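Treat the numbers as computed from the prediction; the structure is a model and nothing was measured. Atom set for the values below is all heavy atoms of this structure, side chains included, hydrogens, waters and symmetry mates excluded.
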Amino acid sequence: MIELGVPPLRWLPPGAAAVPFEVTERHVGLDTIDPLSQRMTSHHFTQGDDGRYRYGPSEHRYAWPAELDLMARLAGMELVERVADFQRAPFTAESTSHVSVWRRPTP
């Protein structure tokens with residue numbers, strides 16, 4: 001069983017460089033996405049108690065659920081279930097995460 005995020009490609013308008021995922025008084029978070037390499041950088045700008053902002057990037061490589069299914073199949077496993085979250089919401093095109101379960105078939 002794994003839980004993974006689904007990249008917000010549907011939120012990225014053509015020509016846009018970044019997608020905001022959080023904007024508050026003390027934190028601005030933006031994702032830049034490269035669909036060709038399936039890489040995403042989360043950029044965090046966080047305001048400290050002194051009023052100055054710190055920058056911290058976080059690099060990610062994402063894999064689509066279909067890619068994970070193929071990897072599992074190559075390892076001899078089959079998909080048992082996929083839902084959007086641990087509350088078992090249905091996984092849809094609008095889901096921002098997924099919980100997937102694979103198993104090895106019994107002989």
Side-chain angles (χ1 to χ4, degrees):
M1 176 186 309
I2 63 166
E3 178 186 22
L4 290 173
V6 175
L9 293 182
R10 294 176 64 133
W11 300 350
L12 188 64
V19 174
F21 60 86
E22 181 176 70
V23 178
T24 66
E25 285 185 33
R26 298 186 65 121
H27 179 255
V28 174
L30 306 167
D31 285 333
T32 53
I33 303 168
D34 180 354
L36 295 178
S37 67
Q38 290 182 236
R39 295 196 177 275
M40 179 170 72
T41 303
S42 295
H43 304 271
H44 298 269
F45 301 88
T46 307
Q47 186 179 38
D49 292 335
D50 61 0
R52 295 172 41 180
Y53 280 86
R54 290 186 334 262
Y55 170 68
S58 174
E59 299 285 333
H60 309 272
R61 196 282 191 189
Y62 58 87
W64 295 105
E67 290 177 278
L68 299 170
D69 292 344
L70 175 60
M71 287 186 256
R73 203 164 45 252
L74 291 171
M77 296 186 287
E78 61 188 14
L79 181 66
V80 174
E81 181 178 27
R82 176 168 293 128
V83 292
D85 54 36
F86 283 108
Q87 288 71 45
R88 305 181 70 75
F91 181 71
T92 69
E94 302 303 319
S95 297
T96 59
S97 66
H98 67 95
V99 176
S100 298
V101 179
W102 298 271
R103 71 166 178 219
R104 249 185 222 281
T106 54

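- Met40 contributes atom CE, which lies 11.0 Å from atom CG of Leu12 (distance to the nearest 0.5 angstrom).
- For residues 28-45, no residue pair satisfies the salt bridge (charged side-chain N to carboxylate O under 4.0 Å, His left out) rule, not counting sequence neighbours.
- Within 6.0 Å of atom CZ in Arg52, 12 or fewer heavy atoms from other residues, nucleotides or ligands are found, so the atom counts as exposed in its surroundings.
- Applying the salt bridge (charged side-chain N to carboxylate O under 4.0 Å, His left out) definition to pairs two or more places apart or across chains, those involving residues 12-30 are Arg26-Asp49.
- Atoms CE and CE, from Met71 and Met77 in turn, are 10.0 Å apart once rounded to the nearest 0.5 Å.
- To the nearest 0.5 Å, atom CD1 of residue Ile2 and atom CG of residue Leu68 are 5.0 Å apart.
- Using bins of under 30°, 30° to 60° and over 60° for the plane-to-plane angle, the ring pair Phe45/Tyr55 lands in the tilted bin.
- Annotation for Glu3 and Ser97: closest pair OE2-OG, 4.5 Å, computed over non-hydrogen atoms.
- Pairs engaging residues 67-95 under the ring-ring contact (aromatic ring centres under 6.0 Å, His included) rule: Phe91-His98 [sequence neighbours left out].
- Closest heavy-atom contact between Val101 and Leu79: O-CD1, 3.4 Å.
- Residue pairs meeting the salt bridge (charged side-chain N to carboxylate O under 4.0 Å, His left out) criterion with at least one partner in residues 89-107, sequence neighbours excluded, are Arg10-Glu94, Glu78-Arg103.
- By the salt bridge (charged side-chain N to carboxylate O under 4.0 Å, His left out) test, Arg88 pairs with Glu81, sequence neighbours left out.
- Residues Leu70 make up the rest of the hydrophobic cluster containing Leu74, defined by ILVMFWY side-chain heavy atoms closer than 4.5 Å, directly or through other members.
- Classified by interplanar angle (parallel below 30°, tilted 30° to 60°, perpendicular above 60°), the ring pair Tyr62/Trp64 is perpendicular.
- Between Arg82 and Trp102, the closest side-chain pair of non-hydrogen atoms falls below 4.5 Å.
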